[in-house]
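In what follows, a structure is listed as structure tokens, so that the remarks can point back to it.
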Amino acid sequence: MLNAVVKFVTKPLGFAQLRYASQGLPQLSSEKYNMSRKSFGSVESSDVNFFKSILGDDRVLTDEGDVQPYNVDWLQHCRGQSKVVLKPKTTQEVSKILSYCNQKKLAVCPQGGNTGLVGGSVPVFDEIVLHLGLMNKVLSLDEISGVLLCESGCILENLDSHAREHNFIMPLDLGAKGSCHIGGNVSTNAGGLRLLRYGNLHGSLLGIEAVKADGTIIDCLGTLKKDNTGYHLKHLFVGSEGTLGVVTKVAIHCPIMPKAVTLGYFGVESFENVLRLLKAAKLSLGEILSAFEMADFDAITTTTKNFKISNPISDYPFYVLIETHGSHEGHDSEKLNQFLEEQMASGLILDGTIASEPAKIQSIWGLRESIPSAGLRDGYVFKYDVSLPLQHFYRLVPQLRAKLGDRASVVYGYGHVGDGNIHINLTVPEYTKEIHSELEPYIFEEVSKLKGSISAEHGIGFSKRNYVQYSKDQSALHLMRELKQLMDPNGILNPYKVLPEVK
Ligand code: FAD
Ligand code: 2HG
Ligand code: ZN
């Protein structure tokens with residue numbers, strides 16, 4: 001039976017409310033994780049004066065209240081102790097700041113929209129926050145090739161709106177789109193909801209301008225689809241999370257805006273059937289398939305309960321969201337409807353709803369995109385973002401439920417099953433070191449045994465840096481250290497992040 005939609009959300013819920021919740025500030029990262037400060041310089045008033053001479057008084061924040069939000073991450077797991085936030089408007093300003101900081105051995109934490117989920121975007125000690133939000137100009141959009149050239153502080157959603165005015169879309173989309181920056185996306189190699197269709201940023205990013213730790217501006221801002229002239233240096237900055245340079249401009253290839261978008265939201269009996277449905281969707285929908293997401297019962301129920309919204313269909317063990325992007329509404333919705341009919345007959349789909357009106361589509365996506373914030377209403381959420389071979393995709397969820405028992409308020413799994421990337425969220429009433437040490441390195445060991453990756457799309461940042469060896473061979477880690485040494489010999493760029501601590 002096809003159910004009618006009861007009540008929908010149109011935007012991910014809980015995004016702004018959660019950011020600076022009134023429950024008080026999180027514990028300092030240095031105390032929570034027992035960290036030692038590296039021997040960097042400390043910011044003095046002469047340094048502040050220098051920064052003001054470049055940026056003016058307004059773009060150098062030193063007031064404690066003004067600086068505080070830049071010290072706390074979105075999840076409220078990490079809190080730094082920075083005393084200065086700098087807000088450059090041009091690449092030249094970034095270059096002057098870094099050149100000065102490098103000479104004085106002042107550590108710097110580049111920050112975009114501060115939506116990162118691995119503590120990479122906030123300082124650990126008193127690193128200077130280099131906030132890129134004022135570098136937010138769109139420089140050009142080629143009407144024929146779809147190449148967008150812009151500064152790194154542009155908000156993803158704004159870029160997407162701009163692209164849409166010219167019949168293009170951004171090649172990536174994520175729940176944090178209203179806050180995250182394209183520079184942050186590139187620096188984390190963000191994946192998101194449509195990677196299945198449009199690929200990852202290594203493919204869409206055509207060019208980059210970045211500033212090295214010593215202030216050198218690296219101009220790799222090409223706009224060509226094909227360019228095999230030597231090393232592909234731009235890729236060094238994709239996913240390096242602000243440890244190798246500060247991204248200041250990007251050239252991105254934007255796909256054509258689909259003329260027809262259709263979305264199906266289905267109830268499914270078992271995870272095995274989710275996988276069967278994935279295979280069937282690939283076969284039946286072929287070139288128009290643009291997203292294939294799953295969420296388990298607890299993920300959806302926690303979201304509907306905590307945000308007081310209704311699930312458009314009844315209760316099922318698993319939910320699947322299938323989207324198509326195509327060029328002919330009649331053809332695409334016919335294909336999806338036929339798929340639904342066939343799969344209801346086969347028993348893989350137990351119930352479902354299909355939408356092609358923008359409001360209804362946004363509402364269903366709103367429910368999906370609100371899942372990451374939902375658990376935060378119930379306590380402290382441990383988040384794991386792992387890639388696993390599809391046959392093992394859901395395996396850790398029941399395993400972790402059994403391990404934590406009633407010490408966890410809820411454990412759920414959801415994510416980008418089409419890309420083999422599951423998000424496991426475990427909510428506990430409050431953070432304890434005991435539970436933390438039961439989860440880590442246990443989860444990473446399990447992922448490694450199953451030949452997965454301990455970070456599929458969120459990065460390594462601060463929280464996962466001591467576990468990167470579960471997914472990287474020593475030879476690769478050694479090369480990472482050599483690259484870091486080459487590009488940032490004083491280690492001023494985002495210290496305590498990505499590379500494991502040297503004991
Ligand atoms: P920040 O959080 O500010 O920074 C992230 C890292 O990049 C830090 O290490 C920082 O130092 C570095 N950095 C930022 N800007 C620059 C720059 N210009 N130059 C150099 N380094 C820089 N991620 C996904 O991959 N897929 C998802 O589907 C997804 N969904 C999300 C949903 C929600 C609700 C939330 C809160 C987060 C989600 N994320 C997702 C995580 C996050 O949004 C992404 O990692 C995003 O790319 C971070 O962008 P940002 O601008 O907020 O970067
Ligand atoms: C998503 O896919 C994000 O919604 C966030 O990557 C995942 O918060 C999470 O666990
Ligand atoms: Zn995700």
Side-chain angles (χ1 to χ4, degrees), residues 11-16 18-19 70 73-75 78 88 91 94 98 108-123 127 129-133 135 151-156 172-195 200-201 208-211 237-250 291 293-295 299 303 365 368-376 381-386 412-417 419 421-426 455-462 465 493-498:
K11 280 221 155 214
L13 289 164
F15 205 91
L18 278 165
R19 224 185 140 193
Y70 300 86
D73 70 331
W74 186 85
L75 273 175
C78 297
T91 305
V94 173
L98 290 186
V108 175
C109 174
Q111 190 177 91
N114 196 11
T115 66
L117 297 172
V118 287
S121 54
V122 291
E127 299 89 272
V129 175
L130 188 66
H131 181 79
L132 280 308
M135 294 192 58
E151 292 180 334
S152 61
C154 291
I155 290 176
L156 178 61
L172 78 164
D173 185 13
L174 41 148
K177 58 181 153 276
S179 302
C180 64
H181 297 177
I182 192 68
N185 300 148
V186 167
S187 303
T188 53
N189 189 23
L193 305 162
R194 292 195 191 86
L195 186 138
N200 72 27
L201 275 167
I208 207 163
E209 177 192 79
V211 183
F237 301 100
V238 181
S240 56
E241 302 179 65
T243 60
L244 297 182
V246 174
V247 177
T248 45
K249 291 191 186 97
V250 293
E293 298 276 312
M294 64 76 71
T303 309
W365 271 122
R368 159 63 184 91
E369 290 174 27
S370 300
I371 301 173
S373 325
L376 277 71
V381 186
F382 290 97
K383 284 182 180 270
Y384 298 94
D385 154 47
V386 301
Y412 53 75
Y414 64 104
H416 320 293
V417 62
D419 308 316
N421 172 194
I422 185 165
H423 298 303
I424 305 175
N425 287 201
L426 303 94
S455 174
E457 59 172 6
H458 296 162
I460 291 294
F462 173 65
R465 75 198 183 291
L493 277 179
N494 228 3
Y496 322 103
K497 315 284 169 62
V498 181

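Note: hydrogens, waters and symmetry copies are ignored here, and every other heavy atom, side chains too, is used. We count residues from 1, following the sequence as given. Start at 1 and go down the list; that is how both ligands and their atoms are numbered.
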Side chain to side chain donor-acceptor pair (under 3.5 Å), that's the test. Do N494 and T243 meet it? Break it down for me. CA-CA 5 Å; N494 228 3; T243 60; over 6 Å; no
Winner among N189, L174, V498 once heavy atoms are compared against atom 44 (C) of ligand 1: L174
I need the atoms of ligand 1 closer than 4.0 Å to a non-hydrogen atom of G245, numbered in the order shown. 20 (C)
What is the distance from atom CD of Q111 to atom NE2 of H181, rounded to the nearest 0.5 Å? 8.5 Å
Looking at ligand 1, would S152 count as a contact under a 4.0 Å heavy-atom criterion? yes
Can you check whether W74 has an N/O within less than 3.5 Å of an N/O in ligand 1? no
Is it the case that ligand 1 has an N or O less than 3.5 angstrom from some N or O of L132? no
At a 4.0 Å threshold, what atoms of ligand 2 neighbour a non-hydrogen atom of H423? 1 (C), 2 (O), 3 (C), 6 (O), 7 (C), 10 (O)
Give the numbers and elements of all ligand 2 atoms closer than 4.0 Å to a heavy atom of H416. 2 (O)
Heavy atom under 4.0 Å from ligand 2: found in N425's side chain, backbone, both, or neither? side chain
If I take the Zn ion (ligand 3) as the centre, what angle separates the OE2 atom of E457 from the NE2 atom of H416? Nearest 10 degrees is fine. 90°
Could you tell me, atom by atom, which parts of ligand 1 come under 4.0 Å of a heavy atom of N185? 46 (C), 47 (O), 49 (O)
Pairwise distance CG(L201) to CG(N185) - rounded to 0.5 angstrom: 6.5 Å
Does R368 come within less than 4.0 Å of ligand 2, judged by its heavy atoms? yes
Mind checking whether L193 and H416 have side chains closer than 4.5 Å, heavy atoms only? yes
Give the atoms of ligand 1, by number and element, whose distance to some non-hydrogen atom of S187 is under 4.0 Å. 7 (O), 12 (C), 13 (N), 16 (C), 17 (C), 19 (N), 20 (C), 21 (N), 22 (C)
The atoms of ligand 1 lying under 4.0 Å from a heavy atom of T188, numbered in the order shown, are 5 (C), 6 (C), 7 (O), 45 (O), 46 (C), 47 (O)
Within-cut-off N or O pair, A190 and ligand 1, under 3.5 Å: no
The Zn ion (ligand 3) to H423: any N/O/S contact under 2.8 Å? yes
So which heavy atom in the protein is nearest atom 6 (O) of ligand 2, and how far is it from that ligand atom? H458 NE2, 2.7 Å
Candidate pair H458 and H423, rule side-chain contact (heavy atoms from CB on, under 4.5 Å), full reasoning: CA-CA 10 Å; H458 296 162; H423 298 303; 3.5 Å; yes
Nearest to atom 9 (C) of ligand 2, what protein heavy atom do you find, and at what distance? Y414 OH, 2.9 Å
Answer yes or no: is there a side-chain heavy-atom contact under 4.5 Å between V186 and S152? no
Can you confirm whether L117 sits close enough to W74 that some side-chain heavy atom of one is under 4.5 Å from a side-chain heavy atom of the other? yes
Does I371 come within less than 4.0 angstrom of ligand 2, counting non-hydrogen atoms of the residue? no
Interfacing atoms of ligand 2 (cut-off 4.0 Å, heavy-atom, L117): 5 (C), 8 (O)
Should L193 be counted as touching ligand 1, given the test is an N or O pair under 3.5 Å? no
Below 3.5 Å, N or O to N or O, backbone or side chain included: is there any such pair between N114 and ligand 1? yes
Is E369 in contact with ligand 2, taking contact as a heavy-atom separation below 4.0 Å? no
I would like to know whether N421 and E457 meet side-chain contact (heavy atoms from CB on, under 4.5 Å); could you show each step before the answer? CA-CA 8 Å; N421 172 194; E457 59 172 6; 3.2 Å; yes
For atom 8 (O) of ligand 2, what's the nearest protein heavy-atom neighbour? Residue, atom name and distance, please. K383 NZ, 2.5 Å
